[in-house]
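All remarks here apply to the structure that follows.
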Amino acid sequence: MTKKKVQNLLKHLVCILLCLTVILPFYMVVINSFKSKGEASRMSLALPKEWLFSNYTEVIDKGNLIQGFSNSLLYALVATTLGVVLCAMAAFVMCRKRTKLNVFLYYFVLCGLFFPVNYVTLVRVLSTLHLNDTRQGIIMVFTSAMIPFCVFTIRNFVVSVPVELDEAAVIDGAGPISLFFKIIMPLLKPTMVTCFILQFMGVWSDFLTPLYLSSKSKMFPMTMAVYQFFGKNKSYWNYIFADIVLTCIPVVIVYMIGQKYIVGGLTSGAVKE
């Protein structure tokens, strides 16, 4: 009994240490974002002597965050919505119509999970399509980047949906479009929401894609705005911490809203054929 208690105690201690490892950096960033320049430069975990909420107004005014926020929201919402819906449609067709071509396309799409992005070729392709240095081009790249993961996750969920539902809907006169959007898509809600949240966070946090594909400051997302702000204010750690907090808030909100779907969506998407 004593040995079991010691083991449980050690497990709890390990869990506490892991939690502290994750929580302490966030705590330090938030606390130091309210401090003065001198206090923040020490990066201590102590509470600020004076809470300076003006740090956030300074960052919003000087950091061009409103435009960066608008661009990030545009890229994340449009690209993720398009990507998830189109991938759900493609996954449904690949699952229900198992021709040799569809099987080949499915495994071809899965290759995107393993191959790195070649930005040189990507820039050349966008230049050929006259989409280089445009918001439409960036959205197209973000949308295409999420295809492998979304198709893989959603297709494995579609496998668990009985084919008899399709047959019953077709007998009732449903066409292919109404079959998918009225019958199948509501059943895919958990896994689609899961894909949406994960891809939204990925697009919002992406730094390399807009770095390579945009050269105009009016197109920079939040990550690029933070990068530029850090370069100009690298000695003002209180502003930098405030900038980081403002960048993270939308992702935290989206995650908290949809976290109940994540475990269920990923578990359902892991169904084996």
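Quick note: residue numbers are just sequence positions, from 1.
For the pair Trp237 and Asn32, the minimum side-chain heavy-atom distance is 4.5 Å or more. Side chains of Pro210 and Phe220 form no contact here, defined as non-hydrogen atoms less than 4.5 Å apart. For the pair Phe69 and Pro250, the minimum side-chain heavy-atom distance is below 4.5 Å. Looking at heavy atoms from C-beta onward, Leu122 lies in side-chain contact with Tyr119 at the 4.5 angstrom threshold. No side-chain heavy atom of Ser72 sits under 4.5 Å from any side-chain heavy atom of Thr223. At a threshold of 4.5 Å between non-hydrogen side-chain atoms, the residues Val141 and Leu126 count as touching.
Not counting sequence neighbours, Gln136 has no partner by the side-chain hydrogen bond (donor to acceptor under 3.5 Å, both in side chains) test. Not a single side-chain hydrogen bond (donor to acceptor under 3.5 Å, both in side chains) links Tyr27 to another residue, sequence neighbours left out.
Taken to the nearest 0.5 Å, the CG atom of Leu213 stands 10.0 Å off from the CG atom of Leu208. The CZ atom of Phe196 sits 13.0 Å away from atom NZ of Lys189, with the distance rounded to the nearest 0.5 Å. For the atom pair CD (Gln199) and CG (Leu82), the distance works out to 13.0 Å, reported to the nearest 0.5 Å. A distance of 7.0 Å separates NZ in Lys97 from CG in Asn102, rounded to the nearest 0.5 Å. Atom CG of residue Asn238 and atom OG of residue Ser54 lie 8.5 Å apart, to the nearest 0.5 angstrom. Separating the OG atom in Ser127 from the NE2 atom in His130 is a distance of 9.0 Å, to the nearest 0.5 Å.
Shown here for Pro148 and Leu110, the closest heavy-atom pair between the two residues is O-CD2, 4.2 Å. Shortest non-hydrogen contact noted between Phe149 and Leu198 is CZ-CD1, 3.9 Å. For the residue pair Pro221 and Asn71, the shortest heavy atom distance occurs at CA-CB, 4.1 Å. Looking at every heavy atom in both residues, Thr194 comes nearest to Pro190 through OG1-O, 2.8 Å. Residues Asp243 and Thr247 share a closest heavy-atom pair of O-OG1, 2.8 Å. Nearest heavy-atom pair across Cys150 and Val84 is SG-CG2, 4.4 Å.
The stretch residues 112-139 participates, sequence neighbours left out, in no salt bridge (charged side-chain N to carboxylate O under 4.0 Å, His left out) pair at all. Legend: salt bridge (charged side-chain N to carboxylate O under 4.0 Å, His left out) pairs involving residues 29-56, not counting sequence neighbours: none detected. Under the salt bridge (charged side-chain N to carboxylate O under 4.0 Å, His left out) criterion, the residue pairs touching residues 156-179 are Arg96-Asp166, with sequence neighbours excluded.
Hydrophobic clustering (side-chain heavy atoms under 4.5 Å, transitive across Ile, Leu, Val, Met, Phe, Trp, Tyr) keeps Val120 apart from Val123. Note on Phe92: it clusters hydrophobically with Leu165, by side-chain heavy-atom contacts below 4.5 Å among ILVMFWY residues. Tracing side-chain contacts under 4.5 Å through hydrophobic residues (I, L, V, M, F, W, Y), one never reaches Leu47 starting from Leu52; they form parts of separate clusters. Under the 4.5 Å side-chain heavy-atom criterion for grouping Ile, Leu, Val, Met, Phe, Trp and Tyr, Met28 is connected to Ile16 within one hydrophobic cluster. Hydrophobic clustering places Phe180 together with Val161 (ILVMFWY residues linked when any side-chain heavy atoms are closer than 4.5 Å, directly or through intermediates).
Tyr106 has its ring centre no less than 6.0 Å from the ring centre of Phe152.
Heavy-atom contacts from other residues, nucleotides or ligands closer than 6.0 Å to CD1 of Ile177 number 12 or fewer. Counted within 6.0 Å of CZ on Phe207, heavy atoms from surrounding residues, nucleotides or ligands total more than 12; the atom is thus considered enclosed. Within 6.0 Å of atom CD1 in Ile66, 12 or fewer heavy atoms from other residues, nucleotides or ligands are found, so the atom counts as exposed in its surroundings. Surrounding OH of Tyr212 are at most 12 heavy atoms belonging to other residues, nucleotides or ligands under 6.0 Å away.
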Only distances under 3.5 Å count here; give the side-chain donor-acceptor pairs of residues 73-80 to other protein atoms, sequence neighbours excluded, each with its distance to 0.1 Å.
residue : atom : partner : partner atom : Å
Tyr75   : OH   : Met219  : O            : 2.8
Thr80   : OG1  : Ala76   : O            : 2.5

Steps toward side chain to side chain contact (heavy atoms under 4.5 Å, CB included) verdict (Trp51, Ile31):
CA-CA 9 Å; Trp51 293 79; Ile31 287 299; 4.1 Å; yes
